[in-house]
There are 2 protein chains.
Amino acid sequence: MNSRHTPFDDLDRKIVTALMANARTSFAEIGAAVGLSSTAVKRRVDRLRDTGVITGFTATVKPSALGWRTEAYVEVYCEGAAPPRRLAEVVRNHPEITAAMTVTGGADALLHVRARDVEHFEEVLERIRVEPFIRKTISVMVLSHLLPESPEAGASQPVPE
Amino acid sequence: MNSRHTPFDDLDRKIVTALMANARTSFAEIGAAVGLSSTAVKRRVDRLRDTGVITGFTATVKPSALGWRTEAYVEVYCEGAAPPRRLAEVVRNHPEITAAMTVTGGADALLHVRARDVEHFEEVLERIRVEPFIRKTISVMVLSHLLPESPEAGASQPVPE
DNA sequence: TGTGAAAGTACTAAACG
DNA sequence: CGTTTAGTACTTTCACA
């Protein structure tokens, strides 16, 4: 996971693009497309993983198929100066939070939340609101997607239905 | 891509979880973990792909390593009733938009935008603002992440640095 | 659905330009 | 960095319970 500035050439770009399109493409097939032997491709992929450019390979799944049918963004307003370290701890306590970041604008942080349904979402919101530092939240529910959803594998684990 | 309600048991859940953790795990290894032969695992994975539960396999990449160093959410306000169909067309014209959805609240839509830097982001914003229907935008820049970033492979293609 | 066997591929490491 | 070679492992199809 060495994140130093290693050179990153056109071949690497093409390899990364191929693996993003299909993480199970064989090294030989990638090699044929970029003009390299399969072992050379493997060596580059190993290096891209070591340097932290490629962080993993994941199956992309339709969240609704796993039982996550409700999605929302929650703007979080904190008491006084919000220490990002403490906020990060709070965020990790709630598995339904699939992304969280500090932001510019009126709110201190923005959370992306997935829940089974609206009832579940309300329960998550209540849990978040009683955390220390949290003064106020404003929720924006997602109605429909205008682009095909990106994987977002990290936190969307299957839920029992 | 048949999205019918096919039964989805514990075995399927475990297989999906294993493939989300590592899309290159062999069928034999998954089988050993869930108590199935490799051929049985393959058959289930094939079915999960056919039914649209698993939509693909992708490499997860650190966006900053590909040259995307600026990230923002853009709330979009439209003129009159915003037709989602037309909005979807607009959104597809800008490759920097990595996610887009209609939402509740004051705004009509929320866009997730990635750019190389602030200058590039400003250029994207200007392009979006001159689209028909768009009346106003409010940008929220992402400062830092409180959770490890999820893949989001879809639109983050490598950019030349 | 499950299993095992067999054929074809792919992965990986080693040796070398 | 690149290549080829060679052994091992994985995938895939097929026949069958």
Side-chain angles (χ1 to χ4, degrees), chain A residues 1-62 65-67 151 153 158 160-161, chain B residues 1-62 65-67 151 153 158 160-161:
Chain A
M1 279 281 192
N2 171 15
S3 140
R4 289 237 314 281
H5 188 268
T6 339
F8 185 75
D9 62 19
D10 273 325
L11 255 24
D12 290 324
R13 254 184 284 278
K14 285 178 187 165
I15 291 170
V16 167
T17 303
L19 286 172
M20 289 194 332
N22 179 3
R24 295 183 77 128
T25 314
S26 72
F27 296 146
E29 193 179 327
I30 297 172
V34 307
L36 234 47
S37 68
S38 61
T39 40
V41 173
K42 180 196 186 312
R43 201 182 283 179
R44 278 172 179 263
V45 171
D46 286 344
R47 201 201 59 214
L48 289 165
R49 300 192 66 171
D50 286 344
T51 55
V53 173
I54 294 176
T55 57
F57 299 99
T58 183
T60 64
V61 172
K62 213 173 37 176
L66 297 185
E161 300 212 39
Chain B
M1 280 283 193
N2 173 13
S3 139
R4 288 233 315 282
H5 189 267
T6 339
F8 185 74
D9 63 19
D10 273 325
L11 255 26
D12 290 324
R13 254 185 283 277
K14 285 178 186 167
I15 291 171
V16 167
T17 302
L19 286 173
M20 288 195 330
N22 179 5
R24 295 182 79 126
T25 312
S26 72
F27 297 146
E29 192 178 329
I30 297 172
V34 306
L36 233 48
S37 69
S38 61
T39 40
V41 174
K42 179 192 187 318
R43 196 134 85 191
R44 279 172 179 263
V45 171
D46 286 345
R47 202 203 56 208
L48 289 165
R49 300 191 65 171
D50 286 344
T51 55
V53 175
I54 294 176
T55 57
F57 300 99
T58 183
T60 63
V61 173
K62 210 174 39 177
L66 297 185
E161 301 211 37

Does the side chain to side chain contact (heavy atoms under 4.5 Å, CB included) test come out yes or no for A:Val16 and A:Phe8, once each step is laid out? CA-CA 10 Å; A:Val16 167; A:Phe8 185 75; 4.3 Å; yes
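Axis angle, first five pairs versus last five pairs of the helix from C:dT1-D:dA17 to C:dG17-D:dC1: 30°, rounded to 10°.
Atom C1' of nucleotide C:dG2 and atom CD1 of B:Ile15 are separated by 13 Å, given to the nearest angstrom. Atom CD1 in B:Ile30 sits roughly 17 Å away from atom C1' in C:dG2 (whole-Å rounding).
Considering only residues two or more places apart in sequence or on other chains, B:Arg43 meets the salt bridge (charged side-chain N to carboxylate O under 4.0 Å, His left out) condition with none of them. In this view, A:Asp46 and A:Lys42 satisfy the side-chain hydrogen bond (donor to acceptor under 3.5 Å, both in side chains) rule, not counting sequence neighbours. Partners of A:Ser38 according to the side-chain hydrogen bond (donor to acceptor under 3.5 Å, both in side chains) rule, which considers only residues two or more places apart in sequence or in another chain, do not exist here. Considering only residues two or more places apart in sequence or on other chains, A:Arg24 meets the salt bridge (charged side-chain N to carboxylate O under 4.0 Å, His left out) condition with none of them.
Phosphate proximity of C:dG4 to B:Ser37: absent, as no side-chain N or O sits under 4.0 Å from OP1 or OP2.
Here the side chain of A:Thr60 pairs a donor or acceptor atom with the backbone of B:Gly56 at under 3.5 angstrom.
The minimum heavy-atom distance between A:Leu11 and A:Val34, with the atom names listed, is CD1-O, 3.9 Å.
A salt bridge between B:Arg13 and B:Asp10 is present, with a side-chain N of the basic residue lying under 4.0 Å from a carboxylate O of the acidic one.
Of all nucleotides listed (C:dT3, C:dT1, D:dC1), C:dT3 comes nearest to the side chain of B:Leu36.
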Would you give a per-nucleotide map of nucleotides 5-17 of chain C, 5' to 3', where B means the base has a protein non-hydrogen atom under 4.0 Å away, S means only the sugar-phosphate does, and - means neither? B----SSBB-B--
